[in-house]
K.L.:
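Have a look at this one before I ask anything.
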Amino acid sequence: MCVFSCCWVFLRRQQVFSPHPTMSAEVGEEQVEHSRLSQLLAALFYACSSFLITVVNKTVLTSFRFPSYLCLGIGQLITTIVVLHAAKMSKTVKYQDFDRSVFIKIFPLPLLYFGNHVTGLASTKKLSLPMFTVLRKFTILMTLVMEAYILRKTFPKSIVYCVMAIIVGAMIAASSDLAFNVEGYTFVLLNDAFTAATGVYTKKKLGDQSLGKYGVLFYNALFIVIPTVVASAFTGDFHKVITFEDWAKATFVFCFLMSCLMGFVVMYSIVLCNYYNSALTTTVVGAIKNVAVAYIGMFIGGDYLFSWTNFLGLTVCVSGGLLFSYFTFNKTNSQGNTARPERRSHTAQESTGKFSTV
């Protein structure tokens with residue numbers, strides 16, 4: 001919580017939460033040079049908020065046995081819409097008013113987020129945790145490839161080797177559980193593709209001067225919530241939620257509201273991490289956070305079955321992630337100079353037509 005608070009305070013001072021977020025867009029957001037400390041703290045902010053929402057969601061869905069992932073997601077989306085709309089009405093933030101052009105500007109982010117949500121839930125149910133963990137690591141490789149082709153980015157060999165180390169480590173960790181499930185594999189690989197595409201297009205959409213960070217968040221949540229409500233109605237989740245017995249318990253209501261609030265914070269932290277860093281960095285931070293949770297599970301919870309193969313794989317994963325962090329946040333001047341011309345030319349092309357994003 002201390003790390004979370006420190007990151008939040010520092011990013012506020014860096015005017016991340018500026019009431020006029022689009023002012024810097026005149027020179028193009030991709031041209032803005034961010035300090036290494038800002039990049040690092042944005043990544044830590046995302047990691048901490050992602051960890052906290054994991055704890056809160058587990059409490060709501062497991063401890064209280066809340067019957068619907070979809071309805072919990074709806075609560076998080078509605079919270080995001082309400083908070084950002086209230087902030088705009090109070091002139092704390094600014095983003096474009098709704099018109100016909102908004103959907104074109106935000107597309108295909110809502111579809112990617114919705115696909116990511118649905119395939120994520122399906123893949124979780126179809127696969128064992130070890131195989132789910134290893135296959136989810138392919139999100140990192142897909143993100144690297146998509147950034148190279150969509151954002152025209154190049155990566156030094158050190159970054160590529162670190163990504164491969166993370167994937168190899170995950171495969172080693174799950175090598176003792178290789179049960180093949182065609183449906184489960186299909187869903188989780190689709191989930192990887194949706195997650196990677198979401199990160200890359202979020203990075204791309206952040207360059208739209210009229211939308212800005214807040215517009216990307218608000219309109220993405222607004223367009224996602226409609227199909228999510230429809231899906232929950234067809235699956236019967238609404239009836240289960242309405243008849244849920246623990247609504248009378250103050251502790252459950254508090255945890256549910258905390259989950260909704262943290263949903264907004266996590267979505268915002270993802271946008272910030274993408275803004276300050278690359279989509280690949282955001283993906284790796286999320287993956288390493290999950291590995292760290294697995295390490296903590298060795299000592300807390302009592303349900304971890306230790307094996308040297310699994311431990312070795314997790315260690316390789318963490319080592320690859322730490323090296324990735326070192327090379328990313330300690331870029332040499334030569335690496336920085338290699339990347340800047342591409343980024344500037346990319347921005348120059350997009351600034352005339354605007355960038356046209358959990």
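We number each residue from 1, following the sequence as shown.
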K.L.:
To check you understand the geometry: which heavy-atom pair defines the closest contact between Gln76 and Ser259, and what is its length?
P.N.:
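Scanning both residues, the minimum pair turns out to be NE2-OG, 3.1 Å.
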K.L.:
Between Thr235 and Ser232, is there a donor-acceptor pair closer than 3.5 Å when you use the side chain of the first and the backbone of the second?
P.N.:
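Between the backbone of Ser232 and the side chain of Thr235 there is a qualifying donor-acceptor contact (under 3.5 Å).
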K.L.:
Is there side-chain contact between Leu41 and Tyr276, with heavy atoms separated by less than 4.5 Å?
P.N.:
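When only atoms from C-beta onward are counted, Tyr276 and Leu41 do not touch, as no gap falls below 4.5 Å.
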K.L.:
Applying a strict under-4.5 Å side-chain criterion to I, L, V, M, F, W and Y, I'd like to know whether Ile167 and Tyr161 cluster together.
P.N.:
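No, Ile167 does not connect to Tyr161 through the hydrophobic network.
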K.L.:
Under 3.5 Å, side chain of Lys205 to main-chain N/O of Phe107, donor-acceptor pair present?
P.N.:
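Checking the backbone N and O of Phe107 against the side chain of Lys205, a donor-acceptor pair under 3.5 Å is found.
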K.L.:
Of all the heavy-atom pairs spanning Ala87 and Ser90, show the shortest one and how long it is.
P.N.:
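Reported closest heavy-atom pair: O-OG, 3.0 Å.
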K.L.:
Could you tell me which residues satisfy side-chain hydrogen bond (donor to acceptor under 3.5 Å, both in side chains) with Lys240, sequence neighbours excluded, listed by chain and number?
P.N.:
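Not a single residue meets the side-chain hydrogen bond (donor to acceptor under 3.5 Å, both in side chains) criterion with Lys240.
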K.L.:
Could you give the distance from CG (Leu84) to CD1 (Ile81), rounded to the nearest 0.5 Å?
P.N.:
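Going from CG on Leu84 over to CD1 on Ile81, the span is 9.0 Å.
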K.L.:
When you measure from the side chain of Tyr219 to the backbone N and O of Phe98, does any donor-acceptor pair fall under 3.5 Å?
P.N.:
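Pair found, side chain donor or acceptor close to backbone of Phe98.
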K.L.:
What's the spacing between Ile159 CD1 and Ser278 OG if we round to 0.5 Å?
P.N.:
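That separation rounds to 8.0 Å.
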K.L.:
Taking all atoms of both residues into account, what is the closest heavy-atom pair of Leu323 and Cys162, and its distance?
P.N.:
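Smallest interatomic distance, heavy atoms only, reads CB-SG, 3.5 Å.
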K.L.:
Rounded to the nearest 0.5 Å, what separates atom CZ in Phe223 from atom OG1 in Thr228?
P.N.:
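So the CZ of Phe223 and the OG1 of Thr228 are separated by 13.5 Å.
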K.L.:
Does Ile226 share a hydrophobic cluster with Val216, counting links as ILVMFWY side-chain heavy atoms below 4.5 Å and allowing steps through other members?
P.N.:
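Same cluster.
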K.L.:
Give me the atom names and distance for the closest heavy-atom approach of Pro110 to Ile106.
P.N.:
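It is CD-O, 3.6 Å.
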K.L.:
Which residues satisfy the salt bridge (Lys or Arg N to Asp or Glu O under 4.0 Å) test with Lys88, sequence neighbours excluded?
P.N.:
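Applying salt bridge (Lys or Arg N to Asp or Glu O under 4.0 Å) to Lys88 gives Asp97.
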K.L.:
To the nearest 0.5 Å, how far apart are CD1 in Ile224 and CG in Leu77?
P.N.:
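One finds 5.5 Å between CD1 of Ile224 and CG of Leu77.
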K.L.:
Would you check if the side chain of Asn274 reaches a backbone N or O of Lys203 as a donor-acceptor pair within less than 3.5 Å?
P.N.:
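No; judged by distance alone, with no hydrogens or angles, the pair does not exist.
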K.L.:
Using 30° and 60° as the class boundaries, would you call the ring planes of Tyr268 and Phe264 parallel, tilted or perpendicular?
P.N.:
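Rings of Tyr268 and Phe264: parallel, as their planes differ by under 30°.
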K.L.:
Taking side-chain contact (heavy atoms from CB on, under 4.5 Å) as the criterion, tell me which of Leu44, Ile270, Leu272, Val265 meets it with Ser49.
P.N.:
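Testing Ser49 for a side-chain contact (heavy atoms from CB on, under 4.5 Å) against Leu44, Ile270, Leu272, Val265 leaves exactly one candidate, Val265.
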K.L.:
Could you label the plane-to-plane angle of the Phe256 and Phe66 rings as parallel, tilted or perpendicular, counting under 30° as parallel and over 60° as perpendicular?
P.N.:
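Geometry flag for Phe66 against Phe256: tilted rings.
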K.L.:
Group every Ile, Leu, Val, Met, Phe, Trp and Tyr by side-chain heavy-atom contacts under 4.5 Å, then state whether Val225 and Val82 land in the same group.
P.N.:
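They do share one cluster, since a chain of ILVMFWY contacts under 4.5 Å joins Val225 to Val82.
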K.L.:
Between Phe155 and Leu280, is a side-chain contact (heavy atoms from CB on, under 4.5 Å) present by the stated rule, with each step listed?
P.N.:
CA-CA 10 Å; Phe155 299 94; Leu280 180 62; 3.6 Å; yes
K.L.:
Would you please test Phe238 and Val229 for side-chain contact (heavy atoms from CB on, under 4.5 Å) and show each step?
P.N.:
CA-CA 9 Å; Phe238 265 151; Val229 168; 3.7 Å; yes
K.L.:
Ignoring hydrogens, what is the shortest heavy-atom contact between Cys273 and Thr282? Give both atom names and the distance.
P.N.:
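Heavy-atom minimum between the residues: SG-OG1, 3.3 Å.
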K.L.:
Passes side-chain contact (heavy atoms from CB on, under 4.5 Å), Phe324 versus Thr281? Steps please.
P.N.:
CA-CA 8 Å; Phe324 179 94; Thr281 300; 3.9 Å; yes
K.L.:
Quick check against the 3.5 Å criterion: does Ser63 have a side-chain atom that pairs as donor or acceptor with the backbone of Val60?
P.N.:
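The answer is no, because no donor-acceptor pair under 3.5 Å joins these two groups.
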K.L.:
Could you tell me the separation between the CG atom of Asn277 and the OG1 atom of Thr283, rounded to the nearest 0.5 Å?
P.N.:
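Atom-to-atom, Asn277:CG and Thr283:OG1 are 11.0 Å apart.
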K.L.:
Short question: side chain of Thr202, backbone of Thr198 - any donor-acceptor pair under 3.5 Å?
P.N.:
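It does hold such a pair.
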K.L.:
Tyr149 and Leu144: same hydrophobic cluster, using ILVMFWY side-chain contacts below 4.5 Å?
P.N.:
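Different hydrophobic clusters.
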K.L.:
Any link between Val188 and Val145 through a network of hydrophobic side chains (Ile, Leu, Val, Met, Phe, Trp, Tyr) touching at under 4.5 Å?
P.N.:
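Different clusters: Val188 never reaches Val145 through Ile, Leu, Val, Met, Phe, Trp or Tyr contacts under 4.5 Å.
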K.L.:
Can you name the nearest heavy-atom pair linking Phe218 to His85, along with the distance?
P.N.:
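Closest heavy-atom pair between Phe218 and His85: CE1-CB, 3.9 Å.
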K.L.:
Evaluate the side-chain contact (heavy atoms from CB on, under 4.5 Å) criterion for residues Val241 and Trp247: first the C-alpha distance (whole Å), next the side-chain angles of each, then the deciding distance (0.1 Å), finally the verdict.
P.N.:
CA-CA 9 Å; Val241 169; Trp247 284 115; 3.7 Å; yes
K.L.:
Quick one: does Phe327's side chain get under 4.5 Å of Pro156's, heavy atoms only?
P.N.:
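They are not in side-chain contact.
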K.L.:
What pairs with Thr80 under side-chain hydrogen bond (donor to acceptor under 3.5 Å, both in side chains), at least two apart in sequence or on another chain?
P.N.:
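With sequence neighbours excluded, Thr80 shows a side-chain hydrogen bond (donor to acceptor under 3.5 Å, both in side chains) to no residue whatsoever.
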K.L.:
Strictly by modelled atom types, are Ser101 and Gln96 linked by a side-chain donor-acceptor pair under 3.5 Å?
P.N.:
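Note: Ser101 and Gln96 side chains meet the donor-acceptor criterion.
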K.L.:
Once rounded to the nearest 0.5 Å, what's the spacing between atom CE of Met142 and atom CG of Asp192?
P.N.:
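That separation rounds to 5.0 Å.
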